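Report on the structure given below.
Since this is a predicted model, take the numbers as computed values, not measurements. Each chain gets a letter, A, B and so on, in the order the sequences are listed, and its residues count up from 1.
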Amino acid sequence: MSRVLLAEIQFFPDQASKMAVRVDTLLIWLILLTGFVTFAIAVVVIYFLAKYRKRAAADRSPPKTENLAVEVTWSVIPFVIFLGMFGWGAKIYFKESIDPKNAMEVHVIGKQWMWKLEHLQGKREINELHVPLGQTVKLMMTSQDVIHSFFMPAFRIKQDVLPGRYTTEWFKATKLGSYRIFCAQYCGTNHALMTGQVIVMTPTDFAAWLKTGRETVSVAQRGEQLFHSFGCSGCHAAQAAVRAPLLEGIYGSQVPLADGRIVHADERYLRDCILIPNTQIVAGFEPVMPSFQGRISEDDLFAIITYLMSIGSSPPEANIPNR
Amino acid sequence: MDEYEAASVRPNDMPLPVQNYVMIEREEPPSYLKEHTIRSWLLTTDHKRIGLLYLFSIIVFFAIAATAAAIMRLNLLTPRGDLVQAETYNKLFTTHGVLMVWFFLIPSIPSVLGNFVLPLMLGARDLAFPKLNLLSWYIFILGGAIALYALLVGGVDTGWTFYTPYSSTYSNSHVALMAAGVFINGFSSILTGLNFIVTTHKLRAPGMTWMRLRLFVWSMYATSLILVLATPVLAMTLTLMALERIWHVGVFDPALGGDPLLFQHLFWFYSHPAVYIMILPGMGVVSELVCAFSKKRVFGYMFVAFASLAIALLGFLVWGHHMFVSSQSVFAGMIFSFLSFAVAVPSAIKIFNWTATLYRGSISLDTPMLYAIGFIGLFTVGGMTGLFLATLGVDVHFHDTYFVIAHFHYIMVGGMVMAFMGGLHFWWPKISGRLYPEFLGKMTAIVTFIGFNLTFFPQFILGYLGMPRRYHAYPEQFQVYNDLSTAGASILGLGYLLPLCYLIWSCRYGKRAANNPWGVKGFEWETTSPPPVHNFEQPPVQTEEVYNYPPPGNEAVAD
């Protein structure tokens with residue numbers, strides 16, 4: 001842990017996940033390949049400069065200055081190599097983009113200039129993220145103000161964090177220790193101070209750590225309370241006077257809309273329904289829901305959505321370890 | 001040839017207005033530098049003088065932007081960033097970026113060297129629209145003055161990329177004013193591009209077919225296409241940003257119902273092609289230098305020429321590679337990655353063709369050639385690391401780190417500025433009529449190369465270690481590389497100061513230059529040094545292929 005804080009010459013960043021190994025393997029190949037080509041070009045250029053310098057005796061019988069075969073060769077070969085690089089890089093990118101199974105979810109809110117994090121059990125952190133070793137962790141992120149970017153060099157991952165939408169990234173730590181978090185997207189005056197640490201612990205230590213501090217209710221429970229206090233249950237309940245869609249089982253389902261579209265009810269859909277409800281009216285219902293834009297904070301919004309997820313068709317309970 | 005007959009109003013067909021005056025005074029027509037009044041400079045429509053006006057103006061902008069970079073590098077000597085406050089630091093890198101991109105790099109080769117040599121290379125007396133050309137300079141100065149005013153009243157802290165919603169809603173600095181400066185400057189780019197395109201189409205000397213154009217002309221032509229087609233998009237984007245900032249029209253800020261990513265799409269739709277505005281002219285200069293100092297026709301003329309056009313066109317289709325981690329779709333990411341690799345092919349072709357041109361040449365390593373060789377080396381490194389960034393999985397790690405900073409400085413400074421310096425030395429005898437001190441020139445080229453690498457190579461490692469860009473302070477483990485970089489920057493600074501001194505010195509004390517001091521082919525070397533007001537006493541005619549050097553060993557072209 002203290003190694004990171006020491007001022008010493010470092011040539012490689014920490015490598016604390018399989019993804020980091022994957023990225024580094026590709027990178028090493030890229031360095032070897034491009035390094036070899038660059039070196040080869042340099043050798044040829046220097047050789048020509050020396051051999052054909054003005055006063056040196058050399059065979060200068062005029063060579064051809066057009067040669068289609070040569071041109072095609074040195075266009076096609078690089079292109080084929082480029083295709084290989086493209087494919088390999090795209091494969092890693094695609095893997096990073098797939099929603100991981102059995103991930104422990106952590107909510108991240110970026111604001112000028114700090115990271116607010118919340119575990120689903122209700123434990124909150126600022127600029128620190130405690131995670132258990134060997135557990136896939138999925139970050140569900142949004143910003144309260146400008147665009148930020150959650151960057152963890154030791155895991156070789158980075159994802160912009162935008163206001164008004166959720167973005168995700170995931171990692172699975174394979175090494176104990178503490179690693180840096182940086183905000184990578186310029187976000188104003190103290191951008192350089194918007195940093196933090198990921199602390200990778202053994203699962204037992206992590207379970208013990210979760211129990212420290214004051215008692216907390218889980219995010220879903222807090223969401224349920226907010227569901228009542230914001231008045232959502234006044235309409236979205238079986239016995240309610242106003243006819244509104246019931247929300248049990250909504251998360252993860254396919255929802256038919258009044259305009260004929262069918263949408264997948266994910267976090268983004270739920271968020272949009274709360275903030276800009278009239279853009280996605282469920283088929284068979286009146287557009288009567290008021291907008292909560294500007295009336296609900298990002299963490300309360302997270303809590304309500306987490307609650308809706310917990311009563312959805314794919315309950316996230318299974319995703320919370322050590323509960 | 002029908003074009004020449006059709007264009008009966010071309011200036012080349014008009015009688016030479018200075019003819020009588022010339023005959024009275026002496027054999028040679030007076031040089032374009034002869035008149036000394038301020039009025040003769042500020043109201044000139046001579047493309048050569050306008051080129052020099054641009055040269056003086058961009059030197060001023062370069063000096064300010066370089067000073068900002070110097071303060072930043074000094075600040076980064078220590079991890080805590082002790083020299084300036086965070087806010088000041090943010091304003092410094094914004095100043096550096098905005099001025100370097102729009103007020104130095106974009107006008108550097110096109111508006112200075114392009115203005116000066118393009119009509120000469122074509123055998124024309126001036127650009128197609130000389131008054132428009134002067135107007136471009138005045139617009140440039142107006143835009144620049146507004147940008148400088150924005151700096152003087154407090155500066156801007158958004159970075160040169162003006163990302164929303166920070167720029168449109170959150171920043172408390174003079175964003176709209178700076179955007180206005182950049183907006184106005186854009187019209188200067190558009191008019192210059194238009195002028196170059198029309199000139200290349202209509203004012204070529206008799207016998208100069210498209211396949212006999214100099215490669216510098218081809219690269220200027222490709223650059224001008226981008227200037228004309230891409231710059232309006234920047235103007236629209238900045239206008240939308242300003243509308244949101246001033247009147248809260250919701251376009252980009254989600255709180256106002258906008259989409260912050262829309263700004264990035266629009267901005268990079270201009271700014272990625274703009275990167276090619278900043279490198280294609282450099283490639284054009286290097287093509288000239290490699291031929292001139294090998295005394296040989298370029299290898300694969302058609303491929304080098306059309307590679308410029310291919311880069312210009314493909315450059316419009318790769319903007320999304322700036323947004324791989326922005327939350328654009330995975331599918332979009334893959335398409336943009338693929339196209340980014342595709343645009344690398346024509347650049348690779350150019351490198352290979354330049355190398356092949358050296359084969360069996362008669363090479364002299366004068367100052368301009370040293371810069372050209374430096375360009376080839378640094379541009380290759382910049383291009384190769386560009387491939388890393390086009391590779392999706394790797395870019396996720398490198399994005400927004402110092403790796404990106406190092407990569408684009410290898411292209412922009414290692415490439416474009418080296419090419420600009422090479423071109424400036426190459427055409428200096430023609431521009432000033434004097435020779436610069438050759439030994440000092442060579443030393444400076446070498447100092448620049450060393451200083452550049454020491455400044456920017458450590459930044460590749462910094463980026464790999466994870467140091468994000470635009471950080472005013474940083475963790476201690478990054479200090480070694482930052483200090484190396486700052487040390488390198490001081491050497492690089494010397495490399496830019498020296499030419500400023502000895503080029504000015506040469507204007508008065510340099511040896512008088514012959515008409516063709518390098519013994520090379522090209523219309524600009526057939527007229528006097530410096531050229532007369534209307535460039536040629538007799539309109540030249542192209543009777544042979546371009547770069548038609550006699551077989552080496554039989555140096556017939558030496559004057």
Side-chain angles (χ1 to χ4, degrees), chain A residues 4 6-11 13 23 26-27 30 34 38 41-42 44-45 48-49 52-54 59-60 62-63 65-66 71 74-75 78-79 82 85-86 89-90 92-94 96-97 145-147 149 151 153 156-160 162-164 167 180 182 184-192, chain B residues 86-87 90 159 163 165-166 170 254 260 297 299-300 303 325-327 330 333-334 337-338 341 344-345 348-349 351-352 355 358-364 373 376-377 380-381 384 387-388 391-394 396-397 399-400 461 464-466 468 470-473 475-477 479-480 551-553:
Chain A
V4 184
L6 278 176
E8 59 177 35
I9 301 180
Q10 200 188 359
F11 290 98
V23 172
L26 171 52
L27 184 62
L30 289 180
T34 57
T38 309
I41 293 173
V44 174
V45 167
F48 284 169
L49 290 182
Y52 299 112
R53 69 185 188 279
K54 203 170 175 182
D59 174 15
R60 290 199 175 84
T65 53
E66 317 284 330
E71 298 283 354
W74 68 36
S75 308
F79 187 67
F82 292 169
M85 294 180 182
F86 160 73
I92 294 177
Y93 187 66
F94 188 67
E96 285 170 348
S97 75
D145 35 53
V146 300
I147 301 177
S149 189
F151 175 31
R156 310 285 186 278
I157 55 165
K158 172 186 296 123
Q159 170 63 53
D160 282 5
L162 279 73
T167 55
R180 290 191 183 277
F182 291 114
Q185 182 63 269
Y186 175 68
C187 58
T189 310
N190 287 326
H191 169 54
Chain B
E87 206 183 324
N90 298 342
Y163 269 20
Y166 183 72
Y170 289 85
R297 182 181 164 85
F299 186 83
F303 278 83
V325 300
S326 71
S327 86
V330 177
M334 288 190 182
S337 167
F338 174 77
F341 281 109
V345 174
I349 291 176
I351 298 268
F352 296 144
T355 308
L358 300 174
Y359 179 62
R360 292 191 181 169
S362 173
I363 301 166
S364 33
I373 303 295
I376 295 176
T380 303
V381 175
M384 294 294 184
L387 296 172
F388 293 27
T391 307
L392 283 159
V394 175
V396 170
H397 179 63
H399 184 84
D400 270 336
I461 303 169
Y464 180 44
L465 295 178
R470 298 174 169 176
Y471 263 37
H472 154 260
E476 276 175 31
Q477 88 234 40
Q479 188 173 6
V480 183

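- A donor-acceptor pair is defined here as one N or O able to donate and one able to accept, closer than 3.5 Å; such a pair exists between the side chain of R60(A) and the backbone of G361(B).
- The aromatic rings of F352(B) and W74(A) lie tilted to each other, with the angle between the two planes from 30° to 60°.
- Every residue two or more places apart in sequence or in another chain that forms a side-chain contact (heavy atoms from CB on, under 4.5 Å) with V44(A) is listed here: F48(A), T355(B).
- Among V23(A), L26(A), L27(A), N190(A), the residue with the largest count of heavy-atom pairs under 4.5 Å with chain B is L27(A).
- Heavy atoms only, all atoms of each residue included: P165(B) and D145(A) are closest at CG-O, 3.8 Å.
- Proximity of the aromatic rings of Y166(B) and Y186(A) is defined here by a centroid distance below 6.0 angstrom, and this criterion is met.
- Shown here for K54(A) and S362(B), the closest heavy-atom pair between the two residues is CG-OG, 3.5 Å.
- Of the possible polar contacts, one joining the K158(A) side chain to the V396(B) backbone as a donor-acceptor pair under 3.5 Å is found.
- Closest non-hydrogen pair, L162(A) versus S326(B), comes out as CD1-O, 3.6 Å.
- Comparing D59(A), T167(A), I92(A) by heavy-atom pairs within less than 4.5 Å of chain B, the highest count is held by D59(A).
- Interface residue Y163(B): only side-chain heavy atoms are found under 4.5 Å from chain A.
- With a 4.5 Å cut-off on non-hydrogen atoms, L30(A) touches chain B through its backbone and its side chain both.
- In terms of heavy-atom pairs under 4.5 angstrom with chain B, the leader among A42(A), S149(A), P163(A), P78(A) is P163(A).
- Ranked by heavy-atom pairs under 4.5 Å with chain A, the first of G333(B), G377(B), A86(B) is A86(B).
- Atom CD of E71(A) is separated from atom CD1 of I349(B) by 7.0 Å, given to the nearest 0.5 angstrom.
- Contact check for P153(A) versus H397(B): side-chain heavy atoms found under the 4.5 Å cut-off.
- Looking only at side-chain heavy atoms (C-beta outward), H191(A) and N90(B) stay at 4.5 Å or farther from each other.
- Between I147(A) atom CD1 and Y170(B) atom OH the span is 11.0 Å, to the nearest 0.5 Å.
- The two residues Y464(B) and F11(A) have their closest heavy-atom pair at CD2-O, 3.9 Å.
- Ring-plane geometry between F82(A) and F341(B) is classed as tilted, the angle between the planes lying from 30 to 60 degrees on a 0 to 90 degree scale.
- In plain terms, the two heavy atoms of D400(B) and Q185(A) that are nearest each other are OD2-NE2, 3.6 Å.
- Within the 4.5 angstrom heavy-atom criterion, only side-chain atoms of E96(A), from C-beta onward, approach chain B.
- In this structure the side chain of F151(A) never reaches within 4.5 angstrom of the side chain of V325(B), judged on heavy atoms.
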